[in-house]
Each structure stands twice: as structure tokens, then as C-alpha cells.
Amino acid sequence: MGRLSAQPRRAFEFAHSTYNTHPDGSGIGFSTRLRPILTMRPGFLTFDDARGSGLRHFPADSHITDWLEAKGIAFDVITDEDLDAEGLPLLAGYKAVVTGAHPEYHSQVMLDALQNYVGGGGRLAYLGGNGFYWKVARRADLPG
């Protein structure tokens, strides 16, 4: 797996993300969470950058969860899929919600839930970059 872990964008046998292109150079418009994401593991360096950690997405998020555990702060992990499916009622019982390091893609349900949570007095700690930038939609007839 060394070659694949070093260049996951070239691992076409594992399907494409919306950051890849078709052989004709056109962009990928649809993807699935069901494909393996080769970079989703603690410590995976996305960038070789001496000025920063080189971590992005899940590997960067693991620093947040490790810190919370080290401080003895109890937490739950809510996935984007959970929030899209359940909306505001999922957040209602929490005193605070913390974003991950790269909360870029959100559905209308997710954005409404977060906005209504904050509007109702909930606390949102935005710990990301490039967040709340792009819209997504899920298809009930094609889970994943």
C-alpha cells in the first residue's frame, strides 16, 4: 500500500472523489462515502510542510479528540450524515458543538440545524479552515 498511501488521488481502483477527474479531463460530479478513503487515519500527512503539521481532515481532527480525552472532557462525535438525517434535534441537548478542522461541505439541513442551534443559545466553536464553503445533497435512493 506504500504507493497508494503516498498518492491516493492516483488510486483509481478505489473510485474517485470530487477532486479527481475523468480520463477526458472533466470533473467528477458525484462521489460516495462508501469508497475507501486512503487518507482517513491518524497521522497521515497530506502536506510535507516544515512550517505546519501537514495534517488535514480526519488526521487533524484526531488532535482535537486526543486533546479532549487528555483533558478529561467527555464528547460525542456527530457525523455529517447524522446531522443531515436528524437536524436540530440531534444538537439540542449539547451545551457546545465543535467543528472539525475542515468543515467545508454542508447540506441545507445541516446549515439550518447549526444556525438554529446557535440562534437558540447554543455555542459553536469553529476550529476549522475553509469551512461552510460548498453545498452538498444526499439522495435517499442511493445511501452513501
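Quick caveat: nothing in here was measured; it's all calculated off a predicted structure. All values below were derived from every heavy atom in this structure, side-chain atoms included, with hydrogens, water molecules and symmetry-related copies excluded.
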Measuring from Asp84:CG to Asp80:CG, what's the distance to the nearest 0.5 Å?
-> 8.5 Å

Are the side chains of Val98 and Phe75 in touch, meaning some heavy atoms are under 4.5 Å apart?
-> no

Over 60° means perpendicular and under 30° means parallel, so classify the ring planes of Phe132 and His106, tilted if in between.
-> parallel

Do the side chains of Leu88 and Tyr126 join up, straight or via other hydrophobic residues, at under 4.5 Å, putting them in one cluster?
-> yes

Kindly work out whether a path of hydrophobic side-chain contacts (I/L/V/M/F/W/Y, heavy atoms less than 4.5 Å apart) joins Tyr105 to Leu90.
-> no

Side chain proximity check, Val109 to Leu83, heavy atoms < 4.5 angstrom = no

Roughly how far, to the nearest 0.5 Å, is CG of Leu91 from CG of Asp82?
-> 10.5 Å

Output for pair (Leu111 CG, Lys135 NZ), nearest 0.5 Å, gives 11.0 Å

Under 3.5 Å, side chain of Asn130 to main-chain N/O of Glu104, donor-acceptor pair present?
-> no

Min side-chain heavy-atom separation Tyr117-Tyr94 under 4.5 Å | yes

Could you tell me whether the side chain of Asn116 and the main chain of Asp112 form a donor-acceptor pair under 3.5 Å?
-> yes

Non-hydrogen atoms of Gly128 and Pro103 that approach each other most closely | CA-CD, 3.8 Å

Mind checking salt bridge (charged side-chain N to carboxylate O under 4.0 Å, His left out) for Asp24 and listing every partner two or more places apart, or none if nothing turns up?
-> none

Nearest heavy-atom pair of Ala113 and Gly87: which atoms, and what distance?
-> CB-C, 3.6 Å

Heavy atoms, side chains only, cut-off 4.5 Å: are Trp67 and Lys71 in contact?
-> yes

Heavy atoms of other groups near Gln115 CD, more than 12 under 6.0 Å | no

CD (Glu86) and CE (Met110) are apart, to the nearest 0.5 Å, by 12.5 Å

To the nearest 0.5 angstrom, please state how far the CG atom of Leu127 sits from the OG1 atom of Thr99.
-> 5.0 Å

Quick one: pull up CG in Asp76 and OG1 in Thr79 and give me the separation to the nearest 0.5 Å.
-> 12.0 Å

Identify, with sequence neighbours excluded, every residue that meets side-chain hydrogen bond (donor to acceptor under 3.5 Å, both in side chains) alongside Ser62.
-> none

